[in-house]
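Before any comments, here is the structure.
Just so we're on the same page: letters track the sequence lines, and every chain starts at 1.
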Number of protein chains: 2
Amino acid sequence: MPAASRTIRLVDIAREMGVSRPVVAAALFDSGGNTRVSPALAARIRATAARLGYRPNAVARQLKTGRSRLIGVVIGADNPQVNQTRLLQLEAEAFRRGYRLLIAYLHDMRESTALMADFVARGVEGVFWLHLPFCLEQPPKAAIFKQLPRVIFNEERWCPHGGVIRIDYAGGIHQAVHHLAARGHRRIGMMLAGRGGWPGDPILARLRGYQTALRELGLPGGRSHVWFGDSPDPAASAIDAALAELLDRRRVTAVIASNDQWAAETIKALRRRGLRIPEDVALVGFDNDDLARRLDPELTTVDHNHDLFVQRALELFERLAVTPAAAADEILIPARLVVRQST
Amino acid sequence: MPAASRTIRLVDIAREMGVSRPVVAAALFDSGGNTRVSPALAARIRATAARLGYRPNAVARQLKTGRSRLIGVVIGADNPQVNQTRLLQLEAEAFRRGYRLLIAYLHDMRESTALMADFVARGVEGVFWLHLPFCLEQPPKAAIFKQLPRVIFNEERWCPHGGVIRIDYAGGIHQAVHHLAARGHRRIGMMLAGRGGWPGDPILARLRGYQTALRELGLPGGRSHVWFGDSPDPAASAIDAALAELLDRRRVTAVIASNDQWAAETIKALRRRGLRIPEDVALVGFDNDDLARRLDPELTTVDHNHDLFVQRALELFERLAVTPAAAADEILIPARLVVRQST
DNA sequence: CTGAAAGCGCTTACAG
DNA sequence: CTGAAAGCGCTTACAG
C-alpha cells in the first residue's frame, strides 16, 4: 500500500511555502475567496503541490460548498441493451462537463426509497431516472424525489418538479411504416410486447405512430393488424402466436416487431416457416441494439439517438440549476429509422 | 424545488429533544463514540428524526471517518457487451454489501491519470479496473494507482499492490474443443481477433486452451489451424479471409470464433457459402453475449460466469482492507461452455 | 449515562 | 496583495 505515508493537505503546502491556505487555494484552483496571487508565486506553489503529490479533497470541498459534481443515475432491468448503451454515453457526456456518475441499478421498485435517500445523503446534484416501469410494476412514488432538487426522467414525469426527455417512439414507427409503404407493402402488421401500462408508455406511442401513418397512407389495418403480447419476453410460442395472427389471418407482408429482441426471434420463426426476409416478409425492429447489425439478415430498425438524448439530458440538467421552471419544457428526441437488409 | 426549506442536521434533532449530538448519533446509527442511550430515548429520537425528515450527510461523515462506501469502476470500450453486463452485476453485488459505484468509462488511456486522481479526490475505497487494453494501446502506468490502496484488475496486474481476477479463457476453449471432439470433429479451427499484446491477454489464453486440448485428444492442427486477425472488428472481409484459410485450405469442420460478435458474422458468411450450421460446419463463440441466444442457429458459446466474478471481486475487495497481501492470491473464474444449436 | 470540545480539509467573507 | 477565523455536518475521545 504505497503513499499511504501522509495525505498532503492545502495547509501543508502553505506551511512549506510560508503563505496562507487561501493563497495556495487561489494558486491551485479558482477558489480562495477574494484572494489573488501573483503569477510567479502561483507557479511556485503549483510546483510545490506537484512535488508533494497534493490531491485536493473533493469531499471536504463538497461539505463546504455543497457542490458534488455528482449525478445519480437509476437504470433498470427493463431494457438492458438500451439502458446500458445510454448509460455509457451519458457517462461520457457527463464527464466532458465535469460530472461523475453514481449508478444505481433498480432491481425492485421497493428499493427506490432507499436508493434516493442514499443519493440525497451523498449530495448528488441531481438524478437521471432512466428506468421505465413495466405495466406489472408500481411506478415510483413522487415523494421519494422530494429532497432531490433536479430530477430528469425518461418518458414520464414521475414527480411534479422533474423534467422529462422523451424518445419519439411514435415518429420512429411512423417512419418505419412509410418506409415499408414505399417498398410496396400495403398490409403491415405490428407485434407489441404488452398493452401499455401508463400514459407515456412507449408501447402506446408505437401504436399511435403506426395508426397515424396507416391513416395518412390510406392503408388497411390499424388495431386489427396489431398483435398484443402479455410478456416482455419474446418466447417462441408468443412469436408463433403473433405470426399466426398477422401472417395467416391478416396476410400481412411486413411486420414491425416490438423491439430488436422480438425481431431476432421473429427471424428464427420466419425461417422455420420457410419464409425469406425481406422477399416474403419484411421485418423492422426497434432500439438498434448492438445485435441488429449482427443478425442475418441485418435488421432494419429504429435508433434511439442516444447521442442527442444524453446531450439534451445534460443541457436540461444544467439549465435546471438556474431555471427550475425549465423542467416543464417538452423535450422530444427524434428517433431514426436505420435501413438494413430486412426490408 | 420542494423541501429546499432547510436541511435537518443531527444538531437540530438534538436541540429539539434537549439532548446532545452524540446521543442522537448513538440512537440513529452505531456511531456516537462511547455514548450509549436507553432504548426508550432512542425510540423517541428516531421518531423525531423521521418526523423532521432527517437525512444523514454522508459527505460530512466521510470527511470525518475517511470511509466513503464508494468504489470506483473503470470500464472500457474494449468489449462493450461483456463489460456492461458485468458492470450491472457488480453494482448489484456491491449494493448488497453497502457500496455504491462511481463509474468511469475509459475512452482513451491518456484520460486514466485524471480519472484516478478524481477517484482519489472523492475518497473511493478502491477501484475495479475492468478495462482490457488492446494490443495497439498503452497499458496503464502503475504510478496512477499509487494513492489507491485497493485496486482490483481484470486479467492483468497493472500495479504491484493490485489484485487480479482472471477468467479462465483457456479452460473455456478447452471445454469447447472437447465438446466438438465428442461431436465427432477432428479438424477444429480457431479464429482470433488479434495476436495478443501482453502476457495476460485473453487471446493468448484461448490459444493455450486450444493447443492443450488438441494435444490431449491427439487431434491435428495447433497453430496451423488458427487464423489471426489484425483488428477487433469482425469485418466481412476478415471473416471471409479466415474461412478461406480454415475451410478451404485446412478443411476444418468446426470453427471456434474469437467471440460472439465474430461468430455472428461467421454465421452470415457460412450462409453466403450455402453451408449449414452445424451440419456442414459447427461454430462456437465466446462471451455468451445477449445476442448468442438470439442468433439463428442459437450459438454455442463460453460464458464468463459474471455471477461468480462479481462475488469473488467483492470478497477480495473486502479482504484487501484487512490483508493487503491477499492481492497476491490467484483468483481464476471458471468459464462455462453453454451448448446451443450451432454445434 | 451524558455533554463540551476538537477536528476531518476545505472555502469564504472579513479585516489588515 | 495577504492572513486569521469561522464554519460545512459529522464523529470521537475525553471529562463529568
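A perpendicular orientation is assigned to the rings of Y105(B) and H107(B), their planes being inclined by more than 60° (bins at 30° and 60°). The aromatic rings of F317(A) and Y99(A) stand perpendicular to each other, their planes meeting at an angle above 60°, with 30° marking the opposite boundary.
In this structure, the ring of F145(A) has its center less than 6.0 angstrom from the ring center of F153(A).
Between D12(B) atom CG and dG9(D) atom C1' the separation is 10 Å, expressed in whole Å. The CZ atom of R67(A) sits 23 Å away from the P atom of dG9(C) (whole-angstrom rounding). Nucleotide dG9(D) holds its P atom 11 Å from the CZ atom of R15(B), rounded to whole Å. Between the P atom of dC10(D) and the CG atom of L28(B) lies a distance of 10 Å, rounded to the nearest Å. Rounding to whole angstrom units, CZ of residue F29(A) and P of dG9(C) are separated by 14 Å. Regarding L63(A), its CG atom lies at a distance of 12 Å from the P atom of dT12(C), rounded to whole Å. Spacing between atom CE of M17(A) and atom C1' of dT2(D) amounts to 14 Å, rounded to whole angstrom units.
Between V59(A) and L41(B), the one whose closest nucleotide on DNA chain C sits nearer the 5' end is L41(B). Nearer to the 5' terminus of DNA chain C, by closest-nucleotide assignment, is the contact made by S38(B) (compared with the other of L10(A) and S38(B)).
For the pair I167(A) and H304(A), the tightest heavy-atom approach, listed with the atom from each and the gap, is CD1-O, 3.7 Å. Between G163(B) and L316(B), the shortest heavy-atom distance links the atoms CA-CD2, 4.3 Å.
In this structure, F29(B) and L10(B) have side chains that are in contact, with non-hydrogen atoms separated by less than 4.5 Å. Residues E137(A) and H131(A) have side chains in contact (heavy-atom distance under 4.5 Å, counting atoms from C-beta outward). For the pair L320(B) and I152(B), the minimum side-chain heavy-atom distance is below 4.5 Å. Under the 4.5 Å side-chain criterion, counting only non-hydrogen atoms from C-beta, E315(A) is not in contact with I331(A).
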Secondary structure of DNA chain D in dot-bracket form (Watson-Crick or G-U wobble, distances below 3.5 Å, | marking inter-strand pairs) | |||.||||||||.|||

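Annotation: cation-pi pair R86(B)/F128(B) absent, no NZ/CZ under 6.0 Å from the ring centroid and within 45° of its normal.
Taken residue by residue, residues 43-55 of chain A places heavy atoms nearer than 4.0 Å to DNA chain C at Y54(A), R55(A).
Here the nucleotide nearest the side chain of T65(A), chosen from dC8(D), dC10(C), dT12(C), is dT12(C). Listed nucleotides: dG3(C), dT11(D), dC10(C). Nearest to the side chain of V23(B): dG3(C).
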Contact list (N/O, under 3.5 angstrom) for nucleotides 4-7 of chain C vs protein:
unit_1, atom_1, unit_2, atom_2, d
dG7(C), N3, K64(B), NZ, 3.4

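V19(B) comes within 4.0 angstrom of sugar-phosphate atoms only, judged by non-hydrogen atoms across all strands, and of no base.
Regarding contacts with the backbone of dC10(C), every side-chain N or O of R61(A) stays at 4.0 angstrom or more from both OP1 and OP2.
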Please assess V164(A) against E156(A) for the test side-chain contact (heavy atoms from CB on, under 4.5 Å), listing each intermediate value before the final yes or no.
-> CA-CA 6 Å; V164(A) 184; E156(A) 185 84 16; 5.8 Å; no

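Heavy-atom neighbours of R69(A) CZ from other residues, nucleotides or ligands within 6.0 Å: above the threshold of 12.
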